[in-house]
Amino acid sequence: MNIHEYQAKELLKSYGVRIQEGLVADSPEGALEAAKKLNATTGTSWYVIKAQIHAGGRGKGLVNETGSRGVILAKSLEDVPVKAAGILGGTLVTIQTGAEGKKVNKVLVAEDVYYPGASEPKEYYLSILLDRGKGCNVIMASTEGGMDIEEVAEKHPEKIIKEWIDPRLGLQGFQARKVAFKLGLEGVAFKEMVKFITSLYNAYIGSDAAQFEINPVLKTSDDKILAVDAKVNLDDNALYRQKDLAELRDIAEEDPLEVEAGKSGLNYVKLDGNVGCMVNGAGLAMATMDMIKLSGGEPANFLDVGGGANAVTVEAGFRIILQDPNVKAILINVFGGIVRCDRIANGVVEAYKSIGDIPVPIIVRLQGTNAEEGARIIDESGLKVSSAITLKDAAEKVKAAIS
């Protein structure tokens, strides 16, 4: 589950991570009030107005309606509501949103932290995530903060620092010091970075996060280390024990179909193809999408109905898939292990009759317990549904349906 920057920063702050202070607002007037409060508490006289959407590249993105950037500087209190109005309510298009962009409902009004001092401010990159290959968390850091880390990794891999954390021991003090040393820090800034990394790792573990990305981490001109931006992804599977964090979910930022699928207990991800697919099991879903591509089609979605598929879940799956106007056919690929194929077949027939006329052909491939009985139920249903036993047979029927 993704959360907004302002939410992520409050989470980090609760674990002792120094952040760029800011207040969220949903109107130009609210932005002005936020700026006044910041001025009173931090003394800042310049303000950074930042669009709050679940996507990166906001500083380079454009708001379609006004041409404003998604992150912009206001150099006076009077300028704050004007700049906020150029972002709020508009559609921000970034490299991560695609051409359709995302509507901006809130902005973060943040303090200016690039103030003059004894030394020049310096930006770094820092993230924490699970390295599945090594089976442990890894801290990734770089002196090239503020840039796309993928570009840095491709062109300058030597500038990517990695430190793996033994899950039995947790982050050790020498490891935090090693990262700070490799970033070229010394003196007060070195100690500040060690503290920053330690607190950040505690926040990562304590919140059951899947990934933290802080880009940039800033060394200010007076050697403070703080998070200027924060992207936090929480592990959905751990939200049952993070009830306060679960409440931070912003459904408006999610695909409506994915939200609807979640309410029905389905795992759904919308794609850009023309063949809807419904399966039971993530591995089978991946194989099914490969099969669709080999047949000349493109998968329109990933939809896993789980091991306990029945008429209710199949009907919910149909209704979700059929909301995509690009779907020309639906392939149901089910392995009857936990649930018998004849029960799946009956569920398909009941769901079809409940929905009424379905305008696209449906191919049902059943394998496993009572597969032949399931195929018979499909073939004798009198509906526009055809059965398949082998993957090759299913692929050929998909190809015929979309050609």
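Since the structure is predicted, the reported quantities are computational estimates derived from the model, not experimental observations.
Thr369 places no side-chain N or O within donor-acceptor distance of the main-chain N or O of Arg340, the cut-off being under 3.5 Å.
Partner Leu226 forms a side chain to side chain contact (heavy atoms under 4.5 Å, CB included) with one of Ile19, Ile214, Val113 and no other, that one being Val113.
A heavy-atom distance below 4.5 Å is found between the side chains of Leu108 and Lys9. Inter-residue side-chain proximity for Ser207 and Leu234 is flagged as met; some heavy-atom pair is nearer than 4.5 Å. No side-chain heavy atom of Leu129 sits under 4.5 Å from any side-chain heavy atom of Asn233. At least one side-chain heavy atom of Met291 sits less than 4.5 Å from a side-chain heavy atom of Leu331. Counting heavy atoms from C-beta outward, Leu200 and Leu126 have side chains that approach closer than 4.5 Å. Counting heavy atoms from C-beta on, the side chains of Thr41 and Glu21 never come closer than 4.5 Å. Looking at Glu213 and Ile149, their side chains come closer than 4.5 Å, going by heavy atoms from C-beta outward. Two residues are said to be in side-chain contact when any heavy atoms from C-beta on lie closer than 4.5 Å; Ile165 and Cys136 fail this criterion.
In this structure, Pro216 and Tyr114 approach most closely via the heavy-atom pair CG-OH, 3.9 Å. Heavy atoms only, all atoms of each residue included: Val80 and Ala35 are closest at CG2-CB, 3.9 Å. Contact detail for Ala401 and Ala329: the closest heavy-atom pair is CB-CB, 3.9 Å. The heavy-atom pair separating Leu73 from Val48 by the smallest distance is CD1-CG2, 4.1 Å. Taking both residues in full, the closest heavy atoms of Gly276 and Val327 are given as N-CG1, 3.9 Å, listed atom of the first, atom of the second, then distance. Val228 approaches Lys50 most closely through the heavy-atom pair O-NZ, 2.9 Å.
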Next item on the list: Assess whether side chain to side chain contact (heavy atoms under 4.5 Å, CB included) is satisfied between Met193 and Val217, documenting all intermediate values.
Entry: CA-CA 9 Å; Met193 181 63 81; Val217 175; 4.0 Å; yes
Check: Are Met289 and Leu271 close enough, and set up right, to give a side chain to side chain contact (heavy atoms under 4.5 Å, CB included), and what steps lead you there?
Finding: CA-CA 11 Å; Met289 290 193 287; Leu271 302 173; 3.7 Å; yes
Note to self: For a salt bridge (charged side-chain N to carboxylate O under 4.0 Å, His left out) check, start with the C-alpha distance between Arg58 and Asp229, then their side-chain angles and the critical distance, and finish with the verdict.
What the structure shows: CA-CA 11 Å; Arg58 292 169 296 160; Asp229 194 4; 3.1 Å; yes
Next item on the list: Step by step, work out the salt bridge (charged side-chain N to carboxylate O under 4.0 Å, His left out) result for Arg319 and Glu315.
Entry: CA-CA 6 Å; Arg319 292 189 185 279; Glu315 180 180 342; 2.9 Å; yes
Margin query: One pair to check against side chain to side chain contact (heavy atoms under 4.5 Å, CB included): Asp393 and Lys397. What are the steps and the verdict?
Written below: CA-CA 6 Å; Asp393 186 21; Lys397 289 186 176 183; 3.5 Å; yes
Margin query: Does Glu5 form a salt bridge (charged side-chain N to carboxylate O under 4.0 Å, His left out) with Lys231? I'd like the steps, not just the answer.
Written below: CA-CA 6 Å; Glu5 176 192 355; Lys231 295 183 181 66; over 6 Å; no
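More than 12 heavy atoms of other residues, nucleotides or ligands shown are found within 6.0 angstrom of CZ on Phe190. Heavy atoms from other residues, nucleotides or ligands lying under 6.0 Å from CG of Asp272 number 12 at most. The local environment of CD in Glu65 is crowded, with over 12 non-hydrogen atoms from other residues, nucleotides or ligands closer than 6.0 Å. Around the CG atom of Leu294, the shell of radius 6.0 Å holds more than 12 heavy atoms that belong to other residues, nucleotides or ligands. No more than 12 heavy atoms of other residues, nucleotides or ligands lie within 6.0 Å of CD in Glu154, so this atom counts as exposed by the packing criterion. Counting heavy atoms of neighbouring residues, nucleotides and ligands inside a 6.0 Å radius, atom CD of Glu120 does not exceed 12 of them.
Both cation-pi conditions hold for Lys122 and Tyr124: the charged atom is under 6.0 angstrom from the six-membered ring centre and inside a 45 degree cone around its axis.
A salt bridge links Glu192 to Arg18: one of the charged nitrogens lies within less than 4.0 Å of a carboxylate oxygen.
With 3.5 Å as the limit, one finds a donor-acceptor pair spanning the side chains of Lys106 and Tyr6. Side-chain atoms of Tyr47 and Asp79 form no donor-acceptor pair, as typed in the model, at a separation below 3.5 Å. Side-chain contact of Asp379 with Ser387: a donor-acceptor pair under 3.5 Å is present, judged by distance alone.
Using the six-membered ring where Trp is involved, His4 and His54 have ring planes that are tilted, between 30° and 60° apart.
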